[in-house]
A.B. asks: 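Here it is: the structure, laid out below.
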Amino acid sequence: MRLRRSMLFVPGSSAASLSTAFVFKPDSVMFDLEDAVSLREKDAARLLVFHALQQPLYDGIERVVRINPLDTPFGHDDLQAAIRGGADTIRLPKTDTPEQVRELEAAVERIERDCGREVGSTHLMAAIESASGVVNALAIAQASPRITGIALAGFDYVMDMQTQRGDGTELFYARCAVLHAARAAKIDCYDVVFSDLDDEEGFLKEVDLIKRLGFNGKSLINPRQIELLHNAYAPTQEEMDYARRVVAAAEKAEKQGLGVIAMGGKMIDGPVVDNARRVLDRAAASGLRKE
Ligand SMILES: CC(C)(COP(=O)(O)OP(=O)(O)OC[C@H]1O[C@@H](n2cnc3c(N)ncnc32)[C@H](O)[C@@H]1OP(=O)(O)O)[C@@H](O)C(=O)NCCC(=O)NCCSC(=O)C[C@@](O)(CC(=O)O)C(=O)O
Ligand SMILES: [Mg+2]
């Protein structure tokens with residue numbers, strides 16, 4: 001099981017952060033060339049990111065680059081640096097339509113051919129940051145076989161919706177819509193960043209909600225949030241013990257030719273057993289929750 005719980009934004013203009021972010025062990029690092037970088041730092045940041053991508057200490061961590069949109073003066077240069085530098089994944093911000101994804105895909109393929117990189121080896125992610133993006137989420141998610149995930153971007157989205165971040169009510173429809181699009185397209189789905197670094201309780205409450213909804217994880221802005229998120233996504237000892245009992249009971253039932261059984265007064269059938277196996281796979285991949 002490949003875990004993609006945490007995607008840590010690292011500002012592309014911060015040489016110090018770019019050279020140390022691997023120590024925090026996020027599942028993915030996202031070197032940012034877009035909104036974390038001021039206009040006058042764009043060129044320097046692109047060069048820093050190109051070099052950071054080649055740092056061997058990032059091996060084992062997915063390396064994502066958030067480029068500027070392709071209709072800005074920076075987008076195509078960002079893409080050249082990211083692909084030639086060896087990025088695993090390009091994250092396209094402010095994706096409103098599937099045509100933007102197809103334009104990105106064509107540009108990526110041209111650069112892969114030019115620099116001798118295997119065609120198809122660069123994955124894509126689309127960040128959905130507007131009402132149009134939410135309405136087009138399924139078409140965006142299915143726009144390219146290179147897309148491995150879509151992400152909801154809360155701050156630009158609430159601006160577009162003429163509201164502001166609050167208790168999550170303002171994101172409820174978008175979270176459900178984007179998540180359904182991702183699941184229908186069989187790709188991963190990331191929740192919004194949580195910006196109040198000192199509100200650990202609020203962060204964990206939000207993580208609990210998005211985990212129950214079915215998100216793979218979240219985009220993060222600070223290393224302090226990584227361990228909290230990973231721990232919240234890890235199964236508890238109790239969940240693992242129960243999953244083991246379910247699998248054992250189901251295997252026994254199968255030998256007896258039974259498709260459905262009861263265990264402790266609860267029905268155990270195919271989807272329940274699949275879910276138990278997923279809990280065991282997740283426990284093997286991430287370890288158990290530390291209480
Ligand atoms: C918030 C803050 C300034 C706080 O700094 P502080 O220094 O107070 O934090 P501390 O915890 O004290 O740091 C302890 C140690 O960790 C180091 N450290 C901190 N953060 C690190 C990091 N990210 N990577 C590596 N290293 C890091 C730090 O350098 C220090 O190192 P050292 O000095 O050696 O001890 C900092 O975190 C930060 O800049 N975050 C990234 C912000 C960012 O990228 N924003 C753009 C993306 S969102 C967006 O665009 C909206 C969106 O588009 C989103 C979407 O699309 O989803 C939408 O629309 O919603
Ligand atoms: Mg944004």
Side-chain angles (χ1 to χ4, degrees), residues 4-39 41-42 45 48-49 52-53 55 57-58 61-69 72 74-75 78 89-96 100 124-134 137 140 149-166 168 170-171 174-175 178-179 182 188-200 202-203 206-207 210 215-229:
R4 286 169 108 210
R5 302 157 294 183
S6 53
M7 187 169 285
L8 177 68
F9 271 109
V10 182
S13 51
S14 169
S17 297
L18 288 170
S19 60
T20 54
F22 59 84
V23 301
F24 305 113
K25 296 190 170 48
D27 294 330
S28 312
V29 280
M30 185 178 3
F31 299 145
D32 188 21
L33 295 171
E34 200 219 9
D35 283 352
V37 177
S38 68
L39 286 181
E41 292 176 309
K42 293 285 187 197
L48 288 173
V49 165
L53 285 167
Q55 161 64 269
L57 290 165
Y58 281 108
I61 300 175
E62 182 186 29
R63 287 161 305 173
V64 182
V65 176
R66 181 169 78 166
I67 61 168
N68 287 280
T72 66
F74 315 109
D78 293 348
T89 301
I90 305 297
R91 173 151 153 165
L92 185 66
K94 303 184 174 70
T95 314
D96 295 334
Q100 289 171 310
L124 306 181
M125 272 194 73
I128 291 180
E129 317 202 21
S130 68
S132 303
V134 170
I140 290 169
I150 52 177
L152 180 62
F155 283 96
D156 277 301
Y157 171 74
V158 294
M159 278 293 294
D160 193 46
M161 293 299 291
Q162 303 179 18
T163 180
Q164 53 198 343
R165 283 300 317 267
E170 72 288 352
L171 293 178
R175 276 182 167 141
V178 168
L179 189 54
D188 292 340
C189 198
Y190 294 87
D191 188 47
V192 301
V193 298
F194 187 87
S195 65
D196 188 347
L197 300 181
D198 295 328
D199 182 7
E200 193 175 306
F203 177 74
E206 184 162 287
V207 170
I210 62 123
F215 281 90
N216 293 77
K218 276 176 95 57
S219 305
L220 302 178
I221 53 159
N222 188 276
R224 281 188 260 156
Q225 299 174 323
I226 296 172
E227 184 53 35
L228 291 171
L229 175 66

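On a predicted model such as this, the values are computed, not experimentally measured, just so you know. We count ligands from 1, going down the list as the structure has it; atoms in each ligand are counted the same way.
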A.B. asks: Within the 4.0 Å heavy-atom shell around Asn222, which atoms of ligand 1 are there?
C.D. replies: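 The atoms of ligand 1 under 4.0 Å from a heavy atom of Asn222 are 4 (C), 9 (O), 10 (P), 11 (O), 19 (C), 20 (N), 37 (O).
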A.B. asks: Return a yes/no value: protein heavy atom under 4.0 Å from atom 11 (O) of ligand 1?
C.D. replies: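 True for atom 11 (O) of ligand 1.
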A.B. asks: Look up atom 15 (C) of ligand 1 and tell me if a protein heavy atom lies less than 4.0 Å from it?
C.D. replies: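 Under 4.0 Å from atom 15 (C) of ligand 1, zero protein heavy atoms found.
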A.B. asks: Quiz question for you: does at least one protein heavy atom lie closer than 4.0 Å to atom 22 (C) of ligand 1?
C.D. replies: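 Yes, because at least one protein heavy atom sits under 4.0 Å from atom 22 (C) of ligand 1.
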A.B. asks: Identify the protein heavy atom lying closest to atom 49 (C) of ligand 1, giving its residue, its atom name and the separation to 0.1 Å.
C.D. replies: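 Atom 49 (C) of ligand 1 sits closest to the protein heavy atom Arg66 NH2, 3.8 Å.
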A.B. asks: Using only atom types and a distance under 3.5 Å, with no angle test, would you say the side chain of Lys218 pairs donor to acceptor with the backbone of Asp191?
C.D. replies: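 No; zero donor-acceptor contacts below 3.5 Å.
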A.B. asks: Please determine if Asp32 has a nitrogen or oxygen closer than 3.5 Å to a nitrogen or oxygen of ligand 1.
C.D. replies: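 Min N/O separation from ligand 1 is not below 3.5 Å for Asp32.
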A.B. asks: With a cut-off of 4.0 Å, which atoms of ligand 1 are near a heavy atom of Arg91?
C.D. replies: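 Once the distances to Arg91 are compared, the set is 55 (C), 56 (O), 57 (O).
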A.B. asks: Would you say Ser17's side chain and Ser14's backbone share a donor-acceptor pair under 3.5 angstrom?
C.D. replies: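 Answer holds: no.
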A.B. asks: Under 3.5 Å, is there a donor-acceptor pair linking the side chains of Ser19 and Gln55?
C.D. replies: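 No - no donor-acceptor pair under 3.5 Å links their side chains.
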A.B. asks: Return yes when at least one N/O/S atom of Asp156 is nearer than 2.8 Å to the Mg ion (ligand 2), and no when none is.
C.D. replies: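 Asp156 does place an N, O or S atom closer than 2.8 Å to the Mg ion (ligand 2).
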A.B. asks: Once you round to the nearest 0.5 Å, how far does CZ of Phe22 lie from CD1 of Ile61?
C.D. replies: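 Spacing of CZ (Phe22) from CD1 (Ile61) equals 8.0 Å.
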A.B. asks: Ignoring hydrogens and geometry, is there a side-chain-to-backbone donor-acceptor pair from Glu34 to Gly75 under 3.5 Å?
C.D. replies: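 Such a contact is absent between Glu34 side chain and Gly75 backbone.
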A.B. asks: Right, does atom 35 (O) of ligand 1 have protein non-hydrogen atoms nearer than 4.0 Å?
C.D. replies: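 Not a single protein heavy atom is under 4.0 Å away.
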A.B. asks: Does some non-hydrogen atom of the protein lie less than 4.0 angstrom from atom 28 (C) of ligand 1?
C.D. replies: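 When distances to the protein are checked, atom 28 (C) of ligand 1 has no heavy atom within 4.0 Å.
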A.B. asks: Backbone N or O of Ala127 within a donor-acceptor pair of the Thr95 side chain at under 3.5 Å?
C.D. replies: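 Present.
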A.B. asks: Show me which atoms of ligand 1 lie under 4.0 Å from any heavy atom of Ile221.
C.D. replies: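 Going through ligand 1 atom by atom, the ones under 4.0 Å from Ile221 are 20 (N), 22 (C), 23 (N), 37 (O), 38 (C), 40 (N), 41 (C).
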A.B. asks: Does the protein put a heavy atom less than 4.0 Å from atom 7 (O) of ligand 1?
C.D. replies: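 It does not; no protein heavy atom is within 4.0 Å.
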A.B. asks: For Glu129, counting its heavy atoms only, list the atoms of ligand 1 lying under 4.0 Å from any of them.
C.D. replies: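 In order of number, 53 (O), 56 (O), 59 (O).
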A.B. asks: Strictly distance-based, threshold 3.5 Å: is any side-chain N or O of Glu170 a donor or acceptor partner for the main-chain N or O of Gly168?
C.D. replies: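 The answer is yes, because a donor-acceptor pair under 3.5 Å joins these two groups.
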A.B. asks: Can you sort out which atoms of ligand 1 are near Leu197, meaning under 4.0 Å from one of its heavy atoms?
C.D. replies: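 Answer for ligand 1: 1 (C), 4 (C).
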A.B. asks: Where is the nearest protein heavy atom to atom 45 (N) of ligand 1: which residue, which atom, and how far?
C.D. replies: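 Result for atom 45 (N) of ligand 1: Ala36 CB, 4.0 Å.
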A.B. asks: Does ligand 1 have any atom that is closer than 4.0 Å to a heavy atom of Ala127?
C.D. replies: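 Under 4.0 Å: no for Ala127.
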A.B. asks: Identify the two heavy atoms, one from Ile210 and one from Gly217, that lie closest to each other, and give their separation to 0.1 Å.
C.D. replies: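 So the two residues come closest at CD1-O, 3.9 Å.
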A.B. asks: Tell me, which protein residue and heavy-atom name are nearest atom 39 (O) of ligand 1, and how many Å apart are they?
C.D. replies: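 Closest protein heavy atom to atom 39 (O) of ligand 1: Pro11 CG, 3.8 Å.
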A.B. asks: Within 45 degrees of the axis of the six-membered ring of Phe74 and under 6.0 Å from its centre: does Lys42 put its NZ or CZ there?
C.D. replies: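 Cation-pi check for Lys42 and Phe74: passes.
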A.B. asks: Would a 4.0 Å cut-off, counted as strictly less than, catch a protein heavy atom around atom 58 (C) of ligand 1?
C.D. replies: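 Answer yes: something from the protein, a heavy atom, is under 4.0 Å.
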A.B. asks: Does Pro93 reach the side chain of Pro69, with side-chain heavy atoms less than 4.5 Å apart?
C.D. replies: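 Yes; the side chains approach each other to less than 4.5 Å.
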A.B. asks: Are Arg66 and Ser219 linked by a side-chain donor-acceptor pair shorter than 3.5 Å?
C.D. replies: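 Note: Arg66 and Ser219 side chains miss the donor-acceptor criterion.
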A.B. asks: Strictly distance-based, threshold 3.5 Å: is any side-chain N or O of Asn68 a donor or acceptor partner for the main-chain N or O of Thr72?
C.D. replies: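 Such a contact is absent between Asn68 side chain and Thr72 backbone.
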A.B. asks: Would you call Asp198-Arg224 a salt bridge at under 4.0 Å N-O?
C.D. replies: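 A salt bridge links Asp198 with Arg224.
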A.B. asks: Tell me: protein heavy atom nearest atom 25 (C) of ligand 1, and distance?
C.D. replies: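 Residue, atom and distance for the closest contact: Ser17 CB, 3.6 Å.
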A.B. asks: Closest N/O/S atom of Glu129 to the Mg ion (ligand 2), by atom name?
C.D. replies: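 The Mg ion (ligand 2) is closest to the Glu129 atom OE1, counting only N, O or S.
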A.B. asks: Within the structure, does at least one protein heavy atom fall under 4.0 Å of atom 31 (O) of ligand 1?
C.D. replies: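 No; the ligand atom in question lacks any protein heavy-atom contact below 4.0 Å.
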A.B. asks: How close does the nearest protein non-hydrogen atom get to atom 44 (O) of ligand 1, and which residue and atom is it?
C.D. replies: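 Heavy-atom neighbour on the protein nearest atom 44 (O) of ligand 1: Phe9 CB, 3.5 Å.
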A.B. asks: Just by distance, do the side chain of Asn216 and the backbone of Cys189 share a donor-acceptor pair under 3.5 Å?
C.D. replies: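 Yes, the answer is positive, given that a donor and an acceptor are paired below the 3.5 Å cut-off.
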A.B. asks: Would you call Pro93 a ligand 1 contact, heavy-atom distance under 4.0 Å?
C.D. replies: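 Judged by the 4.0 Å heavy-atom criterion, Pro93 does not count as contacting ligand 1.
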A.B. asks: To which protein heavy atom is atom 17 (C) of ligand 1 closest, and what is the distance rounded to 0.1 Å?
C.D. replies: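 Result: Pro223 CG, 4.4 Å.
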A.B. asks: When you measure from atom 60 (O) of ligand 1 to every protein heavy atom, which one gives the shortest distance, and what is it?
C.D. replies: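 The protein heavy atom lying closest is Phe155 N, 2.8 Å.
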A.B. asks: Determine whether any heavy atom of Glu34 lies closer than 4.0 Å to an atom of ligand 1.
C.D. replies: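 The answer is no, since Glu34 has no heavy atom less than 4.0 Å from ligand 1.
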A.B. asks: Test your reading of the model: is there a side-chain donor-acceptor pair from Gln225 to the backbone of Ile221, 3.5 Å cut-off?
C.D. replies: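 It does hold such a pair.
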